[in-house]
Amino acid sequence: MRQGLSADLIKRILGASPKWTIMQLEEKFPPRNLADGAMVTRFAPSPTGFMHIGGLYQMLINYKLANQSNGVFMLRIEDTDTKREVTGAVELILDTAVKFGLMPNEGVSETGNYGPYLQSQRKDIYHSVVAELLAGGAAYPCFLTSDEMEEIRENQKLAGLPTGIYGEWARNRNLGEEEIIKHLNNGEIPSIRLYSTGNPDQKIFCKDGARGSIAFPENNEDIVLIKSNDGLPTYHFAHLVDDHFMRTTNVIRGEEWLPSLPLHFQLFRMMGWAPPVYVHTSTLDKIDAETGKQRKLSKRHDPEASVANFLEYGWPTDAVLEYLLNIASSGYEEEKTKNPNTNLWNYPIKIKKIPMSGALFDMKKLEWWSREFIGAMSIDDLTGKIIGWAKEYSPEWKKIIHSHEDYLKSILSIERDNPKRIRKDFVTWKQTLEEVLYFFDELFISNTDFDFNKSALIAFISGFDISDGKDIWWNKIVEIANGLGLKNGDVAMNLRVAVTGRTNTPDLYSIMQVMGHDRVVNRLQKAIG
RNA sequence: GGUCCCAUCGUCUAACGGUUAGGACACCAGAUUCUCAUUCUGGUAAUACGGGUUCGAUUCCCGUUGGGACUGCCA
């Protein structure tokens with residue numbers, strides 16, 4: 001067993017004596033008292049900007065796994081990179097949880113006995129753990145500067161070696177106390193590195209809940225545990241400490257973490273802690289416009305993939321979730337057609353079904369989910385959602401709709417009475433309003449390209465009675481057509497274009513009924529000129 | 001370069017080692033007493049390649065190719 005550091009020196013390195021022993025932390029955060037099979041999951045984003053559709057995918061899976069097993073879903077903010085942190089990002093994440101109905105049971109802004117849930121507030125916990133590692137010789141202070149590390153990397157590249165601080169390249173891994181003190185007296189602040197005992201010639205078998213067992217070379221890198229600039233942990237160390245003491249049972253995360261899995265197993269093994277069940281989800285991809293190749297949907301390059309963007313366009317949140325759910329667990333779609341009671345919230349997902357290959361984000365399919373979802377909504381719900389969207393995202397529409405909420409409702413009701421024949425041309429709230437914009441006089445634009453048959457329009461006005469039933473209304477059109485030697489459809493098209501400005505619309509009779517006598521006649525007269 | 005992951009219609013996927021390789025989206029065609037949408041019917045379309053193992057391979061093994069991730073005191 002390697003010689004560790006003295007308590008005094010550890011205190012000096014960390015700036016303070018550890019607040020707790022690991023034993024005390026075990027008592028402070030005892031194993032959870034949950035039923036068998038209950039999963040404790042977490043969504044653990046870093047607050048570096050906007051929420052991304054891939055993040056929402058993660059959030060959904062974690063939420064459902066916890067929820068369907070009567071477990072606990074936590075929201076933990078990984079704000080250990082102070083340089084990249086963006087103000088307001090936490091609020092954005094919370095806002096996403098609220099809007100999509102994926103509220104955590106524990107986490108920032110929620111209560112919970114396993115917090116704090118902001119990593120920046122857990123420094124004492126990390127330091128307490130790392131102090132024992134230093135005392136036991138499993139970690140050591142490292143005074144390498146970034147210039148020195150850069151030089152090491154260059155040399156390794158030149159020599160065709162793997163880059164990193166390991167073995168003989170880890171020049172500080174066996175510093176004696178006197179040398180450490182000398183550095184300290186020099187005013188240098190060390191990072192704390194793992195004293196890795198892994199041997200890359202050996203294999204370590206790591207289990208992934210969906211992929212099975214994966215063999216990796218053991219990790220021999222002395223990775224940083226605690227960063228020198230702010231004393232905060234790196235992802236790896238924070239993951240170890242947090243997911244142990246938060247008693248996470250299932251870590252669902254993106255496949256970008258797969259390469260560090262052997263390290264994480266090593267860390268848990270070193271501590272004598274049981275590792276969680278890991279599941280590494282595949283990426284959500286797109287075809288890159290420039291290279292023509294498939295690649296991960298990225299925060300930086302694909303602003304259209306931001307959750308905020310979906311919200312601004314007014315995609316129904318449940319439809320987005322259903323699309324995502326079907327990717328995470330492809331049986332959902334089929335089960336839903338078989339059993340109409342199946343929905344997003346009651347359909348259980350299976351870890352083993354989570355796909356391992358990257359999926360192209362398919363807007364067409366999303367649109368289909370959305371059409372179906374909107375088609376199945378009640379008219380009150382639909383109207384309410386659209387009004388709610390306009391209030392939050394569109395001052396223009398808000399103003400227009402404001403005094404016409406009942407009118408809007410009757411507009412949206414057109415061809416919605418027969419459940420088998422509901423229109424499915426509404427996709428997003430924004431697009432829905434644009435679809436029906438001609439109903440509003442402020443927005444109606446008369447069609448000046450269309451060559452109206454004015455006699456037909458005049459004839460229609462003279463016989464027009466808003467109280468006519470549909471058959472009578474149609475018969476009048478037929479009569480006009482016969483009288484002028486036109487086709488029925490031609491007369492209908494003349495009326496349609498005059499009244500709506502468009503050649504494609506829903507049922508004309510319903511439109512006129514909703515618009516009312518005056519508006520219809522006005523527009524017809526306008527077309528006549 | 002090194003390590004690892006992945007590979008069924010255009011897309012998302014289903015198929016105890018034995019199926020005419022199924023479904024959904026998209027697309028095309030036809031029907032549905034006014035256009036559009038809806039609805040209904042039909043259709044085009046896939047196991048990347050090469051070796052094994054096996055009576056039999058989409059399925060198991062190996063290799064090749066292709067795609068992806070990681071290789072930071074970022075997560």
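Sequence lines set the chain letters: A, B, ... in the order given, protein chains first and strands last, and positions in each chain run from 1.
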Compute the ring centroids of [X] and [Y], then answer whether they are less than 6.0 Å apart.
| X | Y | value |
| --- | --- | --- |
| A:Y323 | A:W368 | no |
| A:F268 | A:H239 | yes |
| A:W369 | A:Y332 | yes |

>> On RNA chain B, does the nearest nucleotide to A:A215 precede the nearest nucleotide to A:W368 from the 5' side, or the other way round? Give the residue.
In response: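 The residue mapped nearer the 5' terminus is A:A215.
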> Relative to the 5' end of RNA chain B, which residue comes earlier, A:P355 or A:G489, by the nucleotide with the nearest heavy atom?
Replying inline: A:P355
> So does A:D362 pair up with A:K364, basic N to acidic O under 4.0 Å?
Replying inline: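 Salt bridge between A:D362 and A:K364, a charged N being under 4.0 Å from a carboxylate O: no.
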> Salt-bridged, A:D507 to A:K470, with N to O below 4.0 Å?
Replying inline: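 Answer for the salt bridge query: yes.
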Is [X] close enough to [N] that one of its side-chain N or O atoms is under 4.0 Å from OP1 or OP2 there?
| X | N | value |
| --- | --- | --- |
| A:K424 | B:rU39 | yes |
| A:T80 | B:rA75 | yes |
| A:K203 | B:rU3 | no |
| A:S330 | B:rA14 | yes |

Is any N or O donor-acceptor pair between the side chain of [X] and the base of [N] shorter than 3.5 Å?
| X | N | answer |
| --- | --- | --- |
| A:S228 | B:rC73 | yes |
| A:R496 | B:rC34 | yes |
| A:D507 | B:rC34 | yes |
| A:R193 | B:rC73 | no |

Using both distances under 3.5 Å as the test, list the Watson-Crick or G-U wobble partner of [N], or none.
| N | answer |
| --- | --- |
| B:rC60 | B:rG52 |
| B:rC36 | none |
| B:rC4 | B:rG68 |
| B:rG10 | B:rC25 |

> Any idea which heavy atoms bring A:Q58 and A:R253 closest together, and the distance?
Replying inline: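 Where A:Q58 meets A:R253 most closely, the heavy atoms are OE1-CA, 3.4 Å.
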Quote, to the nearest angstrom, the [atom1] distance that separates [N] from [M].
| N | M | atom1 | result |
| --- | --- | --- | --- |
| B:rU35 | B:rG43 | P | 26 Å |
| B:rA48 | B:rG42 | P | 29 Å |
| B:rA45 | B:rC9 | C1' | 5 Å |
| B:rC28 | B:rU38 | P | 12 Å |
| B:rG67 | B:rU8 | C1' | 16 Å |
| B:rA29 | B:rA69 | P | 39 Å |
| B:rC25 | B:rU41 | P | 12 Å |

> With a non-hydrogen cut-off below 4.0 angstrom, is A:G160 in contact with a base, only sugar-phosphate, or nothing?
Replying inline: nothing
>> Please encode protein proximity along nucleotides 63-72 of chain B as a string of B, S and -, counting only heavy-atom distances under 4.0 Å.
In response: ----SSSSSS
Which one, [options], comes nearest to the side chain of [X]?
| X | options | result |
| --- | --- | --- |
| A:R211 | B:rA37, B:rA75, B:rC5 | B:rC5 |
| A:S46 | B:rC12, B:rU35, B:rA75 | B:rA75 |
| A:P217 | B:rA14, B:rC73, B:rC4 | B:rC4 |
| A:D362 | B:rU11, B:rC6, B:rA37 | B:rU11 |
| A:T234 | B:rA7, B:rA75, B:rU3 | B:rA75 |
| A:K420 | B:rA75, B:rC40, B:rC4 | B:rC40 |
| A:S357 | B:rC36, B:rU35, B:rC6 | B:rC6 |
| A:K364 | B:rC5, B:rU35, B:rA26 | B:rA26 |

> Taking the side chain as C-beta and beyond, is there a heavy-atom pair between A:R295 and A:D302 under 4.5 Å?
Replying inline: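 They are in contact (side-chain heavy atoms under 4.5 Å apart), so the answer is yes.
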> Does some side-chain heavy atom of A:D285 sit less than 4.5 Å from a side-chain heavy atom of A:F361?
Replying inline: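 A side-chain contact under 4.5 Å is absent here.
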Listed pairs under 3.5 Å, donor-acceptor, residues 213-221 of chain A side chains, sequence neighbours left out:
residue: A:E218; atom: OE1; partner: A:N199; partner atom: N; Å: 2.8
residue: A:N219; atom: OD1; partner: A:E221; partner atom: N; Å: 3.1
residue: A:N219; atom: ND2; partner: A:E221; partner atom: O; Å: 3.2
residue: A:N219; atom: ND2; partner: A:Q266; partner atom: OE1; Å: 2.8

> For A:E372, which of A:K424, A:K365, A:K336 qualifies under salt bridge (Lys or Arg N to Asp or Glu O under 4.0 Å)?
Replying inline: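 Among A:K424, A:K365, A:K336, the one that satisfies the salt bridge (Lys or Arg N to Asp or Glu O under 4.0 Å) with A:E372 is A:K424.
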> Once you round it to whole Å, what is the distance between P of B:rC25 and CE of A:M363?
Replying inline: 17 Å
